[in-house]
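Here is the structure we will look at, set down as structure tokens.
Worth knowing before you read on, the calculation uses all heavy atoms, side chains too, and leaves out hydrogens, waters and symmetry mates. Indexing begins at 1, ligand by ligand and atom by atom, following the structure's order.
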Amino acid sequence: MTDEPALLAAQNAVHDLIARQAPLAQTLEAISHCIGIVHPGAVVAFMCFDPARCSLSMFPSEHFSASYFDRLQEVPVGSLGACFGAAAYLRRQVITEDIETDPRWEAFRAAALGEGFRACWSSPVITAEGELLGIFGTYFRQPAAPSETGKLRLRQAAALIALAAVRDRDSRRHRTLAESHRSLFVNHPDGVYEFDLEGRFQRCNAALERIIGYPERELIGHHFNEYVEPDARAFIQAAFDAAKAGDSRQYEARVIHADGHAHQLEITNFPVTSEGEIVGVYGICRDITRERNQEAQIAYQASHDLLTGLPNRAALDDRLEQDLEWARQNRRLLAVLHLDLDGFKAINDGLGYRLGNLLLAAVAERLHPLLGPRDTLARFTGDEFAFLMPALGCREEVAAAAERILATFEPSFEIEGRALHISTSIGVACSDEPVQQVHELLQHADLALDVAKQQGRNTWQWHRSKGARVVSEHVLLRHDLHAALRDGQFELYYQPVVEAVTGRIRSVEALIRWHHPVHGVVSPGVFIPIAEQTGQIIPLGRWVLCQACRSLAERVARGEHVCPVAVNISSLQFRRDGFLEEVQGILDETGLPPELLELEMTESILMGGAEQAIEMICTLRGMRISVAIDDFGTGFSSLSYLRDLPIHKIKLDRAFIQDILTSRRNAAIVQGIITMAHHMDLVVVAEGIETPAQQQELVRRGCDMLQGFHFSRPVPLTALMALPDLLPARPCPDPTAAADHQ
Ligand code: C2E
Ligand code: MG
Ligand code: MG
């Protein structure tokens with residue numbers, strides 16, 4: 001008879017062990033004890049099922065010898081695998097009353113008998129879900145068979161074992177998972193942390209300590225708001241609230257490091273759930289300060305000019321659109337001012353790139369204070385800058401801005417102890433002119449800049465719709481120039497240069513005129529730059545030189561009294577290989593004595609390399625051809641070069657003469673140039689004399705020669721011949737009034 005109270009107590013002990021999740025071996029031992037009470041003398045063995053190998057292996061037990069334990073490892077599940085193999089195979093109890101006679105024990109009989117066993121009852125251990133976990137066998141030292149109650153007890157014991165094994169397995173899994181979670185948390189290279197539902201730190205890993213510079217113990221219990229910039233708080237709170245509501249959020253925020261610096265973090269927040277309830281918020285963060293800084297640097301480099309730190313062309317293009325939009329919305333004028341430094345190349349070539357760069361940086365620095373709060377100053381390539389001024393009220397304000405820019409260039413720049421003078425030309429376009437696309441404003445400013453350059457530099461110029469007509473005709477003119485040479489649409493006009501004191505004609509300047517079949521007379525100011533761009537200046541220049549030499553040579557041949565003729569030479573023409581040979585060729589061909597030819601060139605001939613220009617002028621001088629520097633004073637003031645140039649004359653630009661009576665500054669410059677030129681034995685010609693007062697002023701200042709409408713406009717050769725040889729010093733009748741093509 002079973003000792004029921006002892007069995008009950010033993011069963012309670014088993015339940016208690018299972019509930020406490022005691023180690024499986026201990027629970028199994030207690031179950032064995034129960035079985036021993038029901039079946040005195042029984043020895044219990046547990047065998048685990050390995051689904052991968054479909055085999056059973058005995059669980060270690062002190063009741064069996066080591067050899068029997070070894071023999072019962074990896075026993076294949078099957079009907080012939082003794083009663084345990086069969087029980088696992090059949091998934092039901094298999095009873096062996098006598099091991100000696102049961103054929104299923106064939107392979108294990110000797111081992112079992114050697115162990116002193118005669119009977120064995122095997123029960124499968126199967127979970128409630130039907131998963132086979134193993135079997136347990138009850139061994140007896142005599143042949144024996146269980147009663148029905150005994151079988152039932154064994155099944156109950158099997159169910160308990162299944163429960164204990166599952167709980168054991170679950171808790172092992174749980175432990176493993178918890179451990180791996182912990183190691184993930186601790187070792188994660190990103191900052192990982194947990195907040196309670198109020199937003200207070202609960203725990204964090206070492207990476208977060210590094211990222212924000214506080215140890216975990218100082219963080220715990222503190223709210224995240226204490227570590228973020230005030231204006232980011234609402235935003236982070238919203239992400240936190242979303243996570244609390246079950247939504248995960250990723251965002252970037254600036255967080256204050258313990259060292260006081262703000263770091264840019266990429267943060268993800270998501271809920272912490274436990275048994276289906278949200279109990280807190282997780283955060284994972286990464287410090288992306290360096291990436292963002294690098295991106296910012298790359299973006300800066302893409303949009304800025306590194307020499308001056310100003311925005312570059314690409315950035316200006318972007319701004320332009322926004323500025324135009326803004327100006328329109330706010331009923332303001334957007335002005336685009338395109339600057340090109342006058343004669344910068346000569347400085348660069350003459351003094352070296354390093355000084356050139358320093359000068360550009362100094363120019364940028366000097367222009368900077370002119371910027372209003374909405375204005376942009378950009379540097380294009382080389383010596384070109386541009387202002388965008390989107391908040392101007394009227395054109396007068398635009399003009400004032402342009403004047404201010406010119407004025408900032410007046411004081412010389414001090415670069416490494418040298419005083420450098422430089423001026424700028426400015427083209428101005430304004431948003432009140434009709435444009436279809438915003439970038440046309442830039443084009444217009446660019447065109448106006450060309451005009452400003454032609455006007456003698458150090459000046460500014462509006463883009464005018466008349467300019468626009470010229471532009472639209474620009475392309476046409478290129479074509480027309482070609483036909484014009486072929487069809488003889490060019491003519492040379494001549495303008496006398498007179499002796500200042502006597503008014504006697506001393507020479508003439510040949511000035512080209514284009515009788516365009518559609519546009520009438522086109523100014524050389526318009527088509528010479530185009531011809532220079534297209535290279536047509538070469539045949540055109542040759543034509544002028546030939547024509548001037550031939551006309552004069554014919555008169556010499558007829559024995560007429562003639563004076564020298566000056567021909568304008570473009571620097572492109574001058575710098576081209578074979579120029580000297582071409583001049584010589586033309587003299588030979590026409591038979592003009594070289595003393596009667598003078599070449600006028602601007603300072604830009606020096607830009608290709610001063611030494612070469614000096615050498616060529618020396619050669620010209622050797623050929624007895626004289627050279628004058630035209631438009632003197634408008635370019636880079638190359639007084640030092642002038643000393644080395646074997647020229648005989650300089651022509652003061654009209655820009656200085658225009659207001660010589662009103663501008664003390666210009667009068668001083670003119671006086672300075674005259675004095676200096678006389679020291680160098682140079683003849684000084686003043687261009688653009690329009691009034692007797694200007695003539696008197698220049699005579700007073702010691703100027704040698706004068707040229708201008710006051711004496712005569714440029715006229716065709718025939719009209720020139722009709723001019724009296726000796727002009728009165730003042731005033732002079734204009735014999736060309738009828739045929740005025742200016
Ligand atoms: P430039 O060589 O400085 O010529 C003087 C310009 O001043 C001429 O303009 C002349 O008509 C103008 N002028 C002369 N006196 C007065 C005056 O009292 N008042 C005013 N307002 N203007 C005066 P033009 O003929 O229109 O020529 C403009 C420029 O075109 C010339 O400036 C020269 O640089 C260039 N050019 C003219 N013909 C030729 C040529 O055959 N070859 C080359 N390469 N350039 C030429
Ligand atoms: Mg000239
Ligand atoms: Mg000139």
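Taking the Mg ion (ligand 2) as reference, the nearest N/O/S atom within Glu600 carries the name OE1. Asp630 has its closest N, O or S atom to the Mg ion (ligand 2) at the position named OD2.
Taking all heavy atoms of Gln495, Glu600, Gln547, Gln707 into account, the minimum distance to atom 15 (N) of ligand 1 is reached by Gln495.
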Without placing hydrogens or testing angles, list every side-chain donor-acceptor pair under 3.5 Å for residues 400-409, not counting sequence neighbours.
unit_1	atom_1	unit_2	atom_2	d
Glu403	OE2	Trp460	NE1	2.9
Thr408	OG1	Arg404	O	3.4
Thr408	OG1	Ile405	O	2.4

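Near Ser570, meaning under 4.0 Å from one of its heavy atoms, ligand 1 places the atoms 44 (N). Close approach of ligand 1 to Ile512 is summarised as follows: ligand atoms under 4.0 Å from at least one heavy atom of the residue are 38 (N), 39 (C), 40 (C), 41 (O).
With sequence neighbours excluded, no residue forms a side-chain hydrogen bond (donor to acceptor under 3.5 Å, both in side chains) with Glu440.
Contact annotation for Val567 and ligand 1: no heavy atom of the residue comes within less than 4.0 Å of the ligand.
By the 3.5 Å distance cut-off applied to N or O atoms, Ala510 is not counted among the residues near ligand 1. Not one N or O of His710 is nearer than 3.5 Å to an N or O of ligand 1, by distance alone. Considering both main-chain and side-chain atoms, Gln573 never comes within under 3.5 Å of ligand 1 through any nitrogen or oxygen pair. Considering both main-chain and side-chain atoms, Ile537 never comes within under 3.5 Å of ligand 1 through any nitrogen or oxygen pair.
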